[in-house]
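In the text below, chain A, chain B and the rest are named by the order of the sequence lines, each starting its count at 1.
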There are 2 protein chains.
Amino acid sequence: MSKKKVTFADIAKYTGFSKTTISRYFNDPDSLTLENQEKIAKALDELDYQENKLAKVLANGKSEFVGIIIPNLYLHYYSEMLNQLLSSYTDYHYKFLVFVSSDQKELEQQYLDELMAYKIEGLIVLSHTFPSEKLASYHIPIVAIEREAEHICSVNTDNYMGAVQAATLLIRNQCEILIHVNVPVPKQVPAYNRIRGFEDTCIEHHVPYELMLQDLGSTYETTYEAIKKVFVKIDNAYPGKKKGVFLANDTYANIFLNLVFQKYGTLPEEYQIMGFDNSPIANEAIIPISTIGQQIDQISKTAMELLILQMNEMKKRQPVPLSEPIHKQITPVLIRRNTTD
Amino acid sequence: MSKKKVTFADIAKYTGFSKTTISRYFNDPDSLTLENQEKIAKALDELDYQENKLAKVLANGKSEFVGIIIPNLYLHYYSEMLNQLLSSYTDYHYKFLVFVSSDQKELEQQYLDELMAYKIEGLIVLSHTFPSEKLASYHIPIVAIEREAEHICSVNTDNYMGAVQAATLLIRNQCEILIHVNVPVPKQVPAYNRIRGFEDTCIEHHVPYELMLQDLGSTYETTYEAIKKVFVKIDNAYPGKKKGVFLANDTYANIFLNLVFQKYGTLPEEYQIMGFDNSPIANEAIIPISTIGQQIDQISKTAMELLILQMNEMKKRQPVPLSEPIHKQITPVLIRRNTTD
DNA sequence: TTGTAAGCGTTATCAA
DNA sequence: TTGATAACGCTTACAA
């Protein structure tokens, strides 16, 4: 029974060295003779030593913890992002304390308190609950992903370019009218640029367009009904015209496609459909949907690099915080599948 | 600039109490007079005290950490399970250290080492990498979810009952031939019982059936091709017969449905389709797919309860570990949608 | 009701 | 290359 835990003191006693030397064995092994390294290694093994990182953290201040606050794991975008972030362990060995926010201010405040109490070295925020100003006031390394980030570093998809790519493809495919289906996005959130990019492209190419911005429900069922109304409206408004429909995400696009397919038994020539996100549903739809692929792996990688940059700075004796938050954009990729010619 | 962190010693000096009293203020406030409580509260506020849980843990041994090792977040089943587990913070205030396993033995060993080094109080395992015997050897509270768990506590969906429900519905709907599409599941994993439940039900009702157990690919594309072959085979083998097809998950079912739909332009009377999992794709398919719903919230809840049971035991002076691992089953629910009459 | 002092298991500083 | 000794910030007997 390995009841009592063995500590550096035990190893020291067992080998005749001091605790300091044992500590050195772990943190700077080359400062010991090879012979002594082996002695200690042997003792470690024989006593079945288990390290205690908490004690280490208390002594040296480096928790190797990164906090993550994420809105939900229901949307593929978020779960895949979390997946990528967690997978960065292989490269950096940071450990992640993960909280799902569900948008309650008090709860999220608790999360922040806990994260601070556990001495996280950095924080990645995807939730929208707190303004970046408040987050910045914690004075720890932070990176925001796809959210308002005036006062903190951030990584976003280049939403503008994504919309430009989508609209351009629809125009190139001879669509006579372009329609963008979206919710009324607040100006300060990054996704607002999808609307701008779409509009600018249509104007630039002198192509007629319509912006359908409205509440699109919050459950699948309500969303379905909302999109259905949108479909009926479009289908009636532009008979015989080639319609390029750019929907704000793949879930919307899939519903729209299903509605078209159910009415016509196929996807007629006069409909072109583009989604956004490249989530699985775009690929698994009755006809694989063309979409704008957010490069989640790139976003995650960039976010970690940006965070580590700041965390490394904090480890210096005289940390010089960034004078200005750094903002990065990742260009999305156009994924042509079967709903665009 | 709040540079130097304030500790109990500072509060003690400031208020004239001892560190012990400050500690008591947090852990047993009622042992202080109301007046002194207020004094301390005031000091805490004025000095802007930030607690340090790591120091606390080192002193009292209770990390409030639970480790989670999960195979991936790509499958909705896993991401939703993680979501539910993380959400249990609201009830129990355990913090979660999350790792995604990706099935590499060495990496997963690292995860376990880290988790032990951070003194987790308990562990939830969904990955299949290590046998339960090895996990049990760590002698910490563990709960396995939907995996081999001979030597550790576990929570599983009642896969047998799920398959019985699916097969029974297909039989009740007058299917003349029942087909189960699955991969060759190893006997020791819980999902094996889906096959047994299906077979037993068919036999009991004297309904002809076929088991199609074969490799179904590991990417969407290979899976699509594999299911396509299955579809062609079934479609040729039983012309004119009412076929009840029970697929091992909703992704398979969706592909199968798409193939049927593409061939016939609709779902013909002679096809009945059942999936498994109740993942979003079942609902978002061209026709909403009937499925067996895993009660992920129940599973998660039960898992946490089972873990907390063990963790609480460990906190006693004389912990008596469970003599036998406890295994719980959660009955899934039949979700009738539009692919079964 | 409050205080003293010895931990918890490391690392950091300074000496040797 | 190695060792004493004092942190790190909190808890917990044991005393008062």
Side-chain angles (χ1 to χ4, degrees), chain A residues 2-40 43-44 47-65 114 116-119 121 315-317, chain B residues 2-40 43-44 47-65 113-114 116-121 315-317:
Chain A
S2 57
K3 271 282 70 106
K4 211 82 201 86
K5 56 207 110 191
V6 3
T7 72
F8 281 12
D10 301 313
I11 314 284
K13 203 167 299 172
Y14 189 84
T15 55
F17 293 110
S18 68
K19 292 197 294 178
T20 312
T21 302
I22 310 302
S23 173
R24 284 204 185 89
Y25 170 83
F26 286 100
N27 299 308
D28 185 13
D30 290 341
S31 69
L32 313 196
T33 65
L34 263 172
E35 197 192 330
N36 288 344
Q37 288 184 40
E38 277 163 19
K39 252 186 212 160
I40 295 177
L44 254 28
L47 296 182
D48 187 27
Y49 168 75
Q50 314 276 353
E51 65 176 338
N52 184 332
K53 290 229 187 180
L54 294 175
K56 196 169 177 164
V57 174
L58 187 61
N60 74 5
K62 298 167 191 167
S63 67
E64 296 173 19
F65 282 146
E114 291 264 24
M116 297 308 291
Y118 279 100
K119 305 298 158 187
E121 293 187 38
K315 284 176 192 154
K316 296 185 185 162
R317 34 220 50 231
Chain B
S2 57
K3 272 278 73 105
K4 211 82 200 89
K5 54 207 112 191
V6 3
T7 72
F8 281 14
D10 301 313
I11 314 284
K13 203 168 300 170
Y14 190 85
T15 54
F17 293 110
S18 69
K19 291 199 296 175
T20 311
T21 302
I22 311 302
S23 173
R24 284 201 185 94
Y25 170 82
F26 286 101
N27 299 308
D28 185 14
D30 291 341
S31 69
L32 313 195
T33 64
L34 261 173
E35 197 192 330
N36 288 343
Q37 287 185 41
E38 277 164 19
K39 254 186 212 159
I40 295 178
L44 254 25
L47 297 182
D48 187 27
Y49 170 75
Q50 314 277 354
E51 66 177 337
N52 184 332
K53 288 231 189 179
L54 293 174
K56 192 166 179 167
V57 174
L58 188 61
N60 76 6
K62 296 168 192 164
S63 67
E64 296 174 17
F65 281 147
D113 292 345
E114 290 265 23
M116 298 307 291
Y118 279 99
K119 305 297 159 189
I120 52 168
E121 291 186 41
K315 284 176 194 154
K316 296 185 185 161
R317 34 222 50 231

Going by the angle between their ring planes, with limits at 30° and 60°, are A:Tyr118 and A:Phe65 parallel, tilted or perpendicular? perpendicular
Hey, which sits more toward the 5' end of DNA chain C by its nearest nucleotide, B:Ala59 or B:Leu32? B:Leu32
Parallel, tilted or perpendicular: which describes the rings of B:Tyr49 and B:Phe8, with under 30° parallel and over 60° perpendicular? tilted
Taking CG from A:Leu58 and C1' from D:dT11, how many angstroms apart are they, rounded to a whole number? 12 Å
A side-chain contact here means heavy atoms from C-beta on lying under 4.5 Å apart; do A:Thr21 and A:Ile40 qualify? yes
Nearest to the side chain of B:Lys5, heavy atoms from C-beta on, is which of D:dT11, D:dT2, D:dG9? D:dG9
Going through the checks in order, is the side-chain contact (heavy atoms from CB on, under 4.5 Å) test met by B:Leu58 and A:Val57? CA-CA 10 Å; B:Leu58 188 61; A:Val57 174; over 6 Å; no
Are any of A:Ser18's side-chain N or O atoms less than 4.0 Å away from OP1 or OP2 of D:dT2? no
State whether the side chain of A:Gln50 and the backbone N or O of A:Lys5 hold a donor-acceptor pair below 3.5 Å, judged by distance alone. no
Does OP1 or OP2 of D:dG9 have a side-chain N or O of B:Thr7 closer than 4.0 Å? no
For the pair A:Gln37 (side chain) and A:Leu32 (backbone), establish whether a donor and an acceptor sit closer than 3.5 Å, ignoring hydrogens and angles. yes
Can you measure B:Ile22 atom CD1 to C:dG3 atom P for me and round it to whole angstrom units? 8 Å
Would the base of C:dT10 count as contacting A:Lys19 through its side chain, where contact means a donor and an acceptor less than 3.5 Å apart? yes
Can you tell me how far P of C:dG9 sits from OH of A:Tyr49, to the nearest Å? 10 Å
Nearest whole Å is fine: how far is D:dG3 C1' from A:Asn27 CG? 16 Å
Looking at C:dG3, D:dT11, D:dC10, which one has an atom nearest to any side-chain atom of B:Ala55? D:dC10
Can you find a donor-acceptor pair, distance only, under 3.5 Å between A:Thr20 side chain and C:dA12 base? yes
The side chain of A:Arg24 is closest to which nucleotide in this list: D:dT1, C:dT10, D:dG3? D:dG3
Write down the distance between CZ (A:Phe8) and C1' (D:dT5), rounded to a whole number of angstrom. 17 Å
Rounding to an integer number of Å, can you tell me how far B:Asn52 CG sits from D:dT11 C1'? 13 Å
May I have the distance from B:Gln37 (atom CD) to C:dT2 (atom C1'), rounded to whole angstrom? 14 Å
Presence of A:Thr21 side-chain N/O under 4.0 Å of D:dG3 phosphate oxygens OP1/OP2: yes
Would you indicate what B:Asp30 reaches in the nucleic acid, counting non-hydrogen atoms under 4.0 angstrom: base, sugar-phosphate, or nothing? sugar-phosphate
Side chain of B:Asn60 only, heavy atoms from C-beta on: which candidate in C:dT10, D:dT11, C:dG3 is closest? D:dT11
Given atom CD of A:Glu51 and atom P of C:dC8, what is their separation to the nearest angstrom? 19 Å
Does B:Phe26 reach a base, just sugar-phosphate, or nothing at all? Heavy atoms under 4.0 Å. nothing
Check every atom of C:dT2, C:dT10, D:dT11 against the side chain of A:Lys56 and return the nucleotide holding the closest atom. C:dT10
